[in-house]
Amino acid sequence: MTRIELNLAGQPISLIFTQQQIIQVFSQQQALVLETESAHQQSCTIAELPVLFDTSQLAQGLIGVAIDSQPIQWLEVPHQQVEKKRGLLGLAALGFKLFKSAKVVKAALAGASVAGYAWLFSIEFALMLIACLVVHEYGHVRAMKYFGIKTKSIYLIPFVGGLAVSDEKITTRWQDVVISLMGPAFGLITSVLGVVLYYATEMEIFAGVAVLSALLNLFNLLPILPLDGGHVLKSISFSMRSWVGLLACLGGVLLGLYISWTFGLMLLVFFIFIGSLEIVFEWRERHISHLLPLDRYGQVVSAVMYVLVAVGHIAVMMHFADSESVILSLPMKILSN
C-alpha cells in the first residue's frame, strides 16, 4: 500500500491506496465514506464538495482528481510505502498460517480437544462443549461469508476454544461488530434450542447444552480483547474518538484482570496480554487505519445488538437458576457472585 498527503477543497487529505484502487481517504484523522462509481472511479465528500478519484492510471504512477464536477486533473503519486508494523502478533499470525496449512493438524486438534475435555470431565460433557464451540465459530464463518470474506475453516484448540480463520481482512468497523456478534448469536440459538428439546424430551442433557452454551457465549461477550465482546467495544469506541477507544479498551483490560484474580483464571491473563498488544497496535496505527468507522447510528445499533445477545444468554441461565441440578444452577450462581 502507498500513502500520500494532498490538499483538496482546502482540506489536508491522506490517501491510502494500492496499484488498483483507493483503500481509504482521511480528513483531519477521520475516515471518509468512499463510494464506488465505476471500475476505476471512486468518490467522497470533502468540505461539502463532491470529489471524484480516477484510479485507471495508478499503475503508471498517476491518480486523477476532480473537485465539484470540474475536469479531472492528473497528479503524480510517489511510491512511499506505509510501514508494515509486524510485532509479536504479526509473527504469531504468520506462524499460525503455516501451522493451519495441514488438514491432518486440524483433525488432530479436534481429536485432542475431545480427548482433553473427556479426560477432565466426561465424554458427554466433551461432546456438548465441542458442539457449542463449533456452532459459535460457524456463526463467525457465516457472517464472514455474508460480507464476501473468504474463509479457511474452523479450528478447535484444546483447553482454549475455537477459531474461525479467514483469508481476507475486514474493511469496516461494522463488519467487525457483526462478525464478532454472530458467534454468540448462533450460540444463543443453540441455547434456546436446548431449552425447547429439554421440555420436549425431558432429557437433562439438552438443558445442559443450553446452560453450557449460554455460559460460554456470555463469557465470550465480556468487553475484553481478544474476546468477541472486546472487538465490539473496540469498534464502537474507536469510531467515536481514538482516545475514547484507548480508554474503553484499557477499561476492558482492567475488568479482565479483576475477573482473572477473582476466579483464578490464569489462562485469561494470557489472552488479556494478547489483547493488550492489539490495543497498542490499534492506537499506533489510528491515523492510517483502513477501517471505515461506525457513524452514530451504527454505534447505537451495535450497542443494542450486543445487549440483546447478552440478555438472551442471561435469560437462559436464569431459567435454570432454581434447578435442583447443581450443574444447571451453577452458571447463574457464578454470575450472581
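Quick caveat, the model's predicted, so the values are computed rather than measured. FYI, the numbering just counts along the sequence from 1. Side chains are part of it too, since the values below use all heavy atoms of this structure and drop only hydrogens, waters and symmetry mates.
In this structure, Ile179 and Ala143 approach most closely via the heavy-atom pair CA-CB, 3.7 Å. A pairwise comparison of heavy atoms in Gly312 and Leu188 identifies C-CD1, 3.5 Å as the closest pair. The shortest heavy-atom contact between Ile72 and Gly64 is CG2-CA, 3.6 Å. Across Tyr198 and Met203, no two heavy atoms sit closer than the pair CD1-O, 3.3 Å. The shortest non-hydrogen separation linking Trp74 to Ser56 is CH2-OG, 3.7 Å. Here the shortest heavy-atom pairing between Met317 and Ala214 reads CG-CB, 3.6 Å.
Tyr306 places none of its side-chain heavy atoms less than 4.5 Å from the side chain of Val177. Using a 4.5 Å heavy-atom cutoff, the side chains of Leu52 and Glu37 are in contact. At a threshold of 4.5 Å between non-hydrogen side-chain atoms, the residues Val209 and Thr190 count as touching. Within the 4.5 Å cutoff, side-chain heavy atoms of Ile130 are placed close to those of Val134. Here the side chains of Phe206 and Tyr199 are not in contact, with every heavy-atom distance at 4.5 Å or above. Inter-residue side-chain proximity for Phe53 and Val65 is flagged as met; some heavy-atom pair is nearer than 4.5 Å. Between Val195 and Val316, some side-chain heavy-atom pair lies under the 4.5 Å cut-off. Using a 4.5 Å heavy-atom threshold, the side chains of Leu216 and Leu129 count as touching.
Ile189 and Val311 are not part of a single hydrophobic cluster, where members link through side-chain heavy atoms under 4.5 Å apart. Neither Leu222 nor Leu233 shares a network with the other; the hydrophobic side chains, linked directly or stepwise wherever heavy atoms of I, L, V, M, F, W or Y lie under 4.5 Å apart, form separate groups for each. If you chain together hydrophobic residues whose side chains sit under 4.5 Å apart, Val307 and Val232 fall into the same group. No chain of hydrophobic side-chain contacts below 4.5 Å, direct or via other Ile, Leu, Val, Met, Phe, Trp or Tyr residues, connects Leu308 to Leu181. In terms of hydrophobic clustering, with Ile, Leu, Val, Met, Phe, Trp and Tyr side chains grouped at heavy-atom distances under 4.5 Å, Val309 and Tyr146 are assigned to a common cluster.
In this structure a side-chain-to-backbone donor-acceptor pair under 3.5 Å is missing from Gln70 to Ala66. In terms of modelled atom types and a separation under 3.5 Å, the side chain of His313 and the main chain of Leu221 share no donor-acceptor contact. The main-chain N or O of His40 is found under 3.5 Å from a side-chain atom of Thr55 such that the two form a donor-acceptor pair. In this structure a side-chain-to-backbone donor-acceptor pair under 3.5 Å is missing from Thr45 to Glu48.
Remark: the Thr36 side chain and the Gln42 side chain contain no N/O donor-acceptor pair separated by less than 3.5 Å. Between the side chains of Ser191 and Ser213, at least one donor-acceptor pair of N or O atoms lies under 3.5 Å.
From Leu292, atom CG reaches atom CD1 of Ile170 across 11.0 Å, with rounding to the nearest 0.5 Å. Between Gln41 atom CD and Asp54 atom CG the span is 5.0 Å, to the nearest 0.5 Å. In this structure, Met305 CE and Met182 CE are separated by 5.0 Å, a value rounded to the nearest 0.5 Å. Atom CG of Leu225 and atom CG of Asp228 lie 10.0 Å apart (nearest 0.5 Å). We find the CG-OG distance between Leu294 and Ser239 to be 3.5 Å, quoted to the nearest 0.5 Å. Within the model, atoms SG of Cys132 and CG of Asn217 stand 7.5 Å from one another, a figure rounded to the nearest 0.5 Å.
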Self-check item: Criterion side-chain contact (heavy atoms from CB on, under 4.5 Å) on Trp174 and Ser302, from CA distance to verdict
Solution: CA-CA 8 Å; Trp174 175 245; Ser302 299; 3.6 Å; yes
Exercise. Could you go through the side-chain contact (heavy atoms from CB on, under 4.5 Å) check for Ile46 and Cys44 one step at a time?
Key: CA-CA 7 Å; Ile46 302 175; Cys44 66; 3.8 Å; yes
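Atom CD of Gln57 has more than 12 neighbouring heavy atoms from other residues, nucleotides or ligands inside a 6.0 Å radius.
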